[in-house]
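One structure is given below, encoded as structure tokens.
First the proteins, then the strands, lettered A, B, ... as listed; each starts at 1. Predicted model, so just to flag it, every value in this text is computed and none were measured. Note: hydrogens, waters and symmetry copies are ignored here, and every other heavy atom, side chains too, is used.
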Protein chains: 2
Amino acid sequence: MEPSGHLAEALRRAGYKLTAPRKAIVQVLEQEGKHLSSNEVLVLGRRIYPLLSRATVYRTLELLTNLGLIRPILLNDTAQRYVNGEGGHHHLVCSVCGAVFEFERCGIDRLAAELAERFDFRIRSHLLEFYGICRTCQTHA
Amino acid sequence: MEPSGHLAEALRRAGYKLTAPRKAIVQVLEQEGKHLSSNEVLVLGRRIYPLLSRATVYRTLELLTNLGLIRPILLNDTAQRYVNGEGGHHHLVCSVCGAVFEFERCGIDRLAAELAERFDFRIRSHLLEFYGICRTCQTHA
DNA sequence: TCATGTATTGAGACAATTTCTCATTTGGGT
DNA sequence: ACCCAAATGAGAAATTGTCTCAATACATGA
Ligand SMILES: [Zn+2]
Ligand SMILES: [Zn+2]
Ligand SMILES: [Zn+2]
Ligand SMILES: [Zn+2]
């Protein structure tokens, strides 16, 4: 998830204190892969800063969300998961087994620019998910 | 949400019993607008079938989800909300205030066909969300 | 360096949402 | 009308998210 120190730097620039719990959380977000739930952030964060509390995880994730640095998404779980707030995220989600496949290119820059103008909206990222039935679940049917 | 009786008919065709609780739930989904949470389905469903239990709502929503007839999404809430499992859903979501704007056309049919072929995936719907800062929150900054 | 004031934190109570269990009921094929 | 697997309701339990408040730690300036 982006260059290391990216999130901490953005927090500092926005005028927030760079505390030990926050450092642990952003380090987890930057190091570990994608799609982390708040509970996963808590568990991983405690390896770095054992006192870390659940409330602080939620508070920091909300903070980063409001700054547009991360964004919540929904996958199979019932839990919210967080992805990088910049750029694009592209999934194929199987409605039967919950499997998630990723792809790279989507070609919606044109549409994004159009919408940004029409709604006077400053776009920072997007999520494109196709929902349907994966190969395996098609044959098992 | 689609022609009336659509969901009930699909359930029946898939071999599931058409019970009173299920009829109430699909009627709610078809009549009421979009983005219903499970609790909203429960409350509205009880107007039709007062005995309706929370567990049955969750069970039926999961059933419909696995059949690809509806799909869960995430909005401002922490609760899962359900939308029609066919076609497209398009949102602009403000990361600051949580406001959600909708738009109609997206023009990704080409990409959808390409991915369906590449992943051997039977696509039934898609969700396209742009994430950023709305007009109001831009000025209040 | 050190004192100061405020933002931030941890702990746990609390609330909301989702899942599970199991005895009972019911739809639909016969 | 009968039968039985499928489905249900009720509530316990688990998971996820929010809130409160006294204690702490960061950043700023002396
Ligand atoms: Zn994209
Ligand atoms: Zn699948
Ligand atoms: Zn679309
Ligand atoms: Zn806004």
Side-chain angles (χ1 to χ4, degrees), chain A residues 5 7-28 35-67 70-82 98, chain B residues 5 7-28 35-67 70-82 98:
Chain A
L7 296 177
E9 172 57 20
L11 276 181
R12 198 195 53 66
R13 236 184 314 111
Y16 295 100
K17 294 186 180 178
L18 223 47
T19 64
R22 283 178 181 163
K23 280 182 196 162
I25 292 168
V26 300
Q27 186 181 330
V28 165
H35 307 165
L36 292 177
S37 70
S38 63
N39 194 58
E40 289 167 345
V41 173
L42 177 65
V43 170
L44 293 170
R46 278 182 171 163
R47 291 194 194 158
I48 300 170
Y49 182 77
L51 283 188
L52 185 60
S53 99
R54 185 176 304 279
T56 296
V57 170
Y58 279 103
R59 286 188 284 233
T60 303
L61 290 174
E62 182 184 5
L63 192 54
L64 295 170
T65 298
N66 289 340
L67 290 173
I70 60 177
R71 72 154 291 182
I73 67 169
L74 187 65
L75 289 184
N76 325 351
D77 274 321
T78 192
Q80 295 196 12
R81 292 173 176 276
Y82 292 85
Chain B
L7 295 177
E9 172 58 20
L11 275 181
R12 200 195 52 67
R13 236 184 314 111
Y16 293 100
K17 292 188 180 176
L18 223 47
T19 65
R22 283 180 181 161
K23 280 182 197 164
I25 291 168
V26 300
Q27 187 181 330
V28 165
H35 305 165
L36 292 177
S37 69
S38 64
N39 193 59
E40 288 167 345
V41 173
L42 177 66
V43 170
L44 293 170
R46 279 182 171 165
R47 291 197 194 154
I48 301 170
Y49 182 77
L51 282 189
L52 184 60
S53 101
R54 189 175 302 279
T56 296
V57 170
Y58 279 104
R59 286 187 284 234
T60 303
L61 290 174
E62 182 184 4
L63 192 54
L64 295 170
T65 298
N66 288 341
L67 290 173
I70 60 177
R71 72 153 292 180
I73 66 168
L74 188 65
L75 289 185
N76 322 353
D77 274 321
T78 192
Q80 295 197 15
R81 292 173 176 277
Y82 291 84

* **Phosphate-side-chain proximity, Tyr58(A) and dT18(D), N/O vs OP1/OP2 below 4.0 Å** => no

* **Atom-pair distance (CG on Leu42(A); P on dT18(D)), nearest Å** => 14 Å

* Asked: Any donor-acceptor pair under 3.5 Å between the side chain of Arg59(B) and the base of dG9(D)?
  -> yes

* Sequence-distant partners of Glu9(A), side-chain hydrogen bond (donor to acceptor under 3.5 Å, both in side chains), two or more places apart -> Arg12(A)

* Structure fact -> So the salt bridge (charged side-chain N to carboxylate O under 4.0 Å, His left out) pairs with at least one residue in residues 39-48 of chain A (sequence neighbours excluded) are Glu40(A)-Arg81(A)

* Whole-Å gap separating P (dA14(D)) and CZ (Arg54(B)) -> 18 Å

* Asked: What nucleotide, of dA6(D), dC26(D), dG17(D), holds the atom closest to the side chain of Lys17(A)?
  -> dC26(D)

* Within residues 19-28 of chain A, residues whose heavy atoms come under 4.0 Å of DNA chain C -> Thr19(A), Pro21(A), Arg22(A)

* Closer to the 5' end of DNA chain C via nearest nucleotide, is it Leu51(A) or Asn39(B)? -> Leu51(A)

* To do: State whether Thr56(B) places a side-chain N or O below 4.0 Å from either non-bridging phosphate oxygen (OP1 or OP2) of dG9(D).
  => yes

* To do: Kindly calculate the angle separating the two end axes of the helix from dT1(C)-dA30(D) to dT30(C)-dA1(D), each obtained from five base pairs, and round it to 10 degrees.
  => 40°

* To do: To the nearest 0.5 angstrom, please state how far the OG1 atom of Thr60(B) sits from the CG atom of Leu7(B).
  => 11.0 Å

* On DNA chain C, which is the earliest and which the latest nucleotide, 5' to 3', with an atom closer than 4.0 Å to a heavy atom of chain A? -> dG5(C) to dT18(C)

* Closest non-hydrogen atom pair, Ile25(A) against Val57(A) -> CD1-CA, 3.8 Å

* Asked: Does Arg22(B) have any salt bridge (charged side-chain N to carboxylate O under 4.0 Å, His left out) partners at least two apart in sequence or in another chain, and if so, which?
  -> none

* How would you label the contact of Ser38(A) with the nucleic acid (heavy atoms, under 4.0 Å): base, sugar-phosphate, or nothing? -> sugar-phosphate

* Asked: So which one's nearest nucleotide on DNA chain C is more toward 5', Thr78(A) or Arg46(A)?
  -> Arg46(A)

